[in-house]
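A note on names: the letters A, B, ... follow the listed sequences, proteins ahead of strands, and every chain is numbered from 1.
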Amino acid sequence: MTPEQLSQTIVDALSALVDRRELALTGGIPPEVRVERPKSKDHGDYATNIALQLARPAGLAPRDLAELLASELKASPAVASVEIAGPGFINITVDTAAQGEVARSIVEAGASYGASDALTGKRINLEFVSSNPTGPVHIGGARWAPVGDSLARIFSALGAEVSREYYFNDHGAQIDRFSRSLLAVARGQAPPEDGYVGDYVGEIAAKVVATEPHVLSLPDGEAQEVFRRVGVELMFAQIKQTLHSFGVDFDVFFHEQSLYDSGAIERAVARLTEMGNTYEADGALWLATKRYGDEKDRVLVRSSGAPAYIAGDCAYYLDKRERGFDLCVIMLGADHHGYVGRLMAMCQAFGDKPHENLEILIGQMVSLVRDGTPVRMAKRAGAVIFIDDLIEAIGVDGARYALVRYSSDSNVEIDIDVWTRASSDNPVYYVQYAHARLASILRNATQLGVVSVPDDFDPRLLSHDREGDLLRALAEFPRIVQTAAELREPHRLARYLEATASTFHKFYDNCRVLPHGSEEPADIHRARLLLVEATKIVVARGLGLLGVSAPERM
RNA sequence: GCGCUCGUAGCUCAGUGGAUAGAGCAACGGACUUCUAAUCCGUCGGUCGAAGGUUCGAAUCCUUCCGGGCGCGCCA
């Protein structure tokens with residue numbers, strides 16, 4: 001009995017009451033009834049507030065409606081008992097056998113447990129990180145790397161066709177500043193006033209000189225061009241390598257420059273003009289974003305004739321849509337929240353629907369603390385924390401998990417000491433340890449010759465409280481995945497895994513799975529082994545959706 | 001000044017209108033001859049920033065205020 005099945009049981013009960021004219025609902029029967037896990041054990045296995053919600057349309061007092069529904073629900077063999085509490089909550093206790101069936105169905109589903117076809121046929125473009133190629137990926141841009149990648153994995157599990165994309169801003173003045181900075185450092189001069197500083201500038205400059213030894217004898221203009229061409233290429237390579245080692249592989253690295261080379265910019269400008277959403281003023285071409293809710297209109301093509309930055313955004317968006325993506329999601333740091341209005345307006349200027357075709361997610365800032373003092377993050381202030389530093393300090397799994405376990409809505413402070421210190425402080429180990437324990441039990445079972453047979457499994461044997469807790473936790477998994485997708489919040493999955501790991505550890509402490517020493521394997525051992533298999537599937541699957549490894553041993 | 005966003009235990013954070021607001025860490029006290037003690041059990045810890053409002057019910061929705069972060073260019 002999963003929450004979804006119980007929801008259906010309640011809907012069926014409502015239908016039966018309506019069919020027999022014992023109940024009349026003005027708004028009809030709701031297609032879905034929400035079932036929750038009560039916080040208190042006194043409130044049963046599951047609870048629903050449906051009687052409170054339907055009291056008005058039914059023209060009944062909440063408790064009277066609850067009574068009516070309760071007596072109908074009691075007829076279901078999967079329901080052990082029903083109680084009405086408070087203003088009209090219906091608290092349901094599920095039959096042990098029905099509960100135990102969850103273990104069997106998970107093992108039978110295997111790695112596809114939690115997957116669905118909720119998003120089948122949907123094409124989703126996910127753009128994230130998109131850090132400028134003028135330096136390594138810093139921690140701010142890094143937040144979306146594991147979160148965006150995890151979202152991609154979750155959407156895929158629900159059947160969507162997903163593209164992970166990285167937009168390289170390799171066109172524009174910052175590239176000039178970068179190449180001038182490289183040149184200056186290579187010549188041992190002070191970097192330009194508006195240039196980039198940091199150890200990486202020197203490293204890249206040295207690599208350019210190693211590749212093109214003659215560069216230092218060239219005149220300024222030619223030398224800078226070499227630094228621009230080779231330096232940016234090296235930066236691309238380094239960024240890609242970093243992300244790859246972080247387990248984040250993009251399907252498309254999109255170069256802003258390509259939009260200029262292909263004429264895509266002009267086409268986008270022409271399209272926006274066709275739509276009647278541009279006008280000329282002060283010698284420039286403006287995009288009328290204000291009429292679509294932006295705070296003011298934006299320059300699309302400058303009076304010099306050069307397209308403004310937003311022209312690239314427009315062309316890139318148009319390109320994505322023309323490649324057939326129904327939904328484009330752009331993930332930005334809080335320092336870019338000011339772009340939301342203009343990007344949403346741009347979407348409408350193309351005749352698209354905001355929030356349906358374009359969605360923008362804003363992630364609050366991540367700050368790092370070391371020795372109790374904040375680590376500065378501004379890219380041009382030498383003391384920057386890069387994603388490479390974070391990986392080196394706490395490992396790929398730790399870094400991914402540390403960034404993905406918090407809501408993107410909240411400002412997060414990551415204490416490097418905590419995540420590098422004793423592993424028990426680290427939530428990722430807690431979950432991974434549960435997986436390693438599960439794997440260990442399965443190894444020992446093989447050695448002892450204990451085998452679980454899903455076809456010959458008695459679900460009633462899993463009657464211990466801790467077994468029930470674990471079964472209910474496992475049954476929640478598909479809904480957690482679904483919710484994480486709907487809300488674009490992978491952290492829910494991480495929190496779920498921590499809670500489920502805890503539930504498993506408690507089960508492990510109370511319920512011996514394998515026979516002791518000379519004891520003969522019995523049905524209870526085989527039943528619990530099946531539960532262990534089911535739990536391992538869920539934990540492995542959950543970690544997989546977060547892009548974190550599930551170790552067999554620790 | 002305008003705008004966006006956040007504010008929950010000593011710290012870091014959960015909580016998509018439900019019941020007595022939760023977890024980890026920190027502090028203190030327990031549990032290993034048995035499937036991994038990277039675990040488990042217990043104790044301690046709260047004016048959900050403040051005040052109003054909406055309703056059967058608000059940490060959650062609305063308004064105002066306070067505090068932190070960020071943004072407001074024919075830069076990218």
Do the side-chain N or O atoms of [X] get closer than 4.0 angstrom to the phosphate oxygens (OP1, OP2) of [N]?
| X | N | answer |
| --- | --- | --- |
| H491(A) | G15(B) | yes |
| Y508(A) | A37(B) | yes |
| N426(A) | C25(B) | no |
| R34(A) | U16(B) | no |
| R302(A) | C75(B) | yes |
| S410(A) | A14(B) | yes |
| R466(A) | C40(B) | no |

Distance, [atom1] atom - from [M] to [N], rounded to whole angstrom:
| N | M | atom1 | answer |
| --- | --- | --- | --- |
| G22(B) | U43(B) | P | 14 Å |
| A50(B) | G68(B) | C1' | 16 Å |
| C6(B) | U60(B) | C1' | 15 Å |
| C65(B) | C25(B) | P | 41 Å |
| G52(B) | G46(B) | P | 23 Å |
| G7(B) | A59(B) | C1' | 11 Å |
| G30(B) | U55(B) | C1' | 47 Å |

Touch class at under 4.0 angstrom, heavy-atom based, for [X] against every strand present:
| X | result |
| --- | --- |
| A284(A) | base |
| D335(A) | sugar-phosphate |
| A499(A) | nothing |
| A334(A) | sugar-phosphate |
| N91(A) | base |
| R405(A) | nothing |
| A306(A) | nothing |
| R488(A) | nothing |
| L52(A) | base |
| E552(A) | base |
| S40(A) | nothing |

Test item: side-chain donor near acceptor, D45(A) and T93(A), under 3.5 Å: no
Selection from [options] that lies nearest to any side-chain heavy atom of [X]:
| X | options | value |
| --- | --- | --- |
| R512(A) | U16(B), C35(B), U36(B) | C35(B) |
| R437(A) | C13(B), A37(B), C74(B) | A37(B) |
| T483(A) | U16(B), C74(B), C40(B) | U16(B) |
| V412(A) | C13(B), U16(B), C74(B) | C13(B) |
| S440(A) | U16(B), U36(B), A76(B) | U36(B) |
| Q364(A) | G18(B), A76(B), U5(B) | U5(B) |
| N411(A) | C35(B), A19(B), G68(B) | G68(B) |
| R553(A) | U34(B), U36(B), C35(B) | U36(B) |
| K296(A) | A76(B), A38(B), C72(B) | C72(B) |
| P87(A) | U39(B), G18(B), C35(B) | G18(B) |

Any strand counts, and the cut-off is 3.5 Å on both contacts for Watson-Crick or G-U wobble. Which nucleotide pairs with [N]?
| N | result |
| --- | --- |
| U39(B) | A31(B) |
| A50(B) | U64(B) |
| C25(B) | G10(B) |
| C56(B) | G18(B) |
| C74(B) | none |

In whole Å, I'd like the distance from the [atom1] atom of [X] to the [atom2] atom of [N].
| X | N | atom1 | atom2 | result |
| --- | --- | --- | --- | --- |
| Y430(A) | A23(B) | OH | P | 12 Å |
| K506(A) | U36(B) | NZ | P | 20 Å |
| F89(A) | G57(B) | CZ | C1' | 8 Å |
| Y433(A) | A38(B) | OH | P | 5 Å |
| L487(A) | G15(B) | CG | C1' | 13 Å |
| K39(A) | U60(B) | NZ | P | 14 Å |
| L285(A) | C74(B) | CG | P | 14 Å |
| R298(A) | A76(B) | CZ | C1' | 14 Å |

Between the base of U5(B) and the side chain of H337(A), is one N or O donor paired with an acceptor at under 3.5 angstrom?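 Per atom types, no contact qualifies.
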What is the distance from atom CZ of F128(A) to atom CG of L361(A), rounded to the nearest 0.5 Å?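 Output value for this atom pair is 11.0 Å.
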Short side-chain to backbone donor-acceptor contact, [X] and [Y], under 3.5 Å:
| X | Y | result |
| --- | --- | --- |
| S181(A) | Y196(A) | yes |
| R495(A) | R405(A) | yes |
| S150(A) | L545(A) | yes |

Name the one of R298(A), K296(A), K290(A) that satisfies salt bridge (Lys or Arg N to Asp or Glu O under 4.0 Å) with D294(A)? R298(A)
Heavy-atom nearest nucleotide on RNA chain B for H171(A) versus F507(A): which residue maps closer to 5'? F507(A)
Pick the closest RNA chain B nucleotide for D409(A) and for A501(A) by heavy atoms, then say which residue is nearer the 5' end.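 Between the two, 5'-proximity favours D409(A).
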Indicate the ring-plane relationship of Y339(A) and H336(A), choosing parallel, tilted or perpendicular according to the 30° and 60° boundaries.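 Perpendicular.
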Below 30° counts as parallel, above 60° as perpendicular, anything between as tilted: where do the rings of H171(A) and Y260(A) land?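 Plane angle under 30°, so parallel.
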Does R472(A) come within less than 4.0 Å of D469(A), counting only side-chain N to carboxylate O?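 A salt bridge links R472(A) with D469(A).
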Distance flag, aromatic centroids of F253(A) and F236(A), threshold under 6.0 Å: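 For F236(A) and F253(A), the ring centres are not under 6.0 Å apart.
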Do we count H43(A) as stacking onto A19(B) if the rule is ring centres under 5.5 Å and planes under 30°? yes
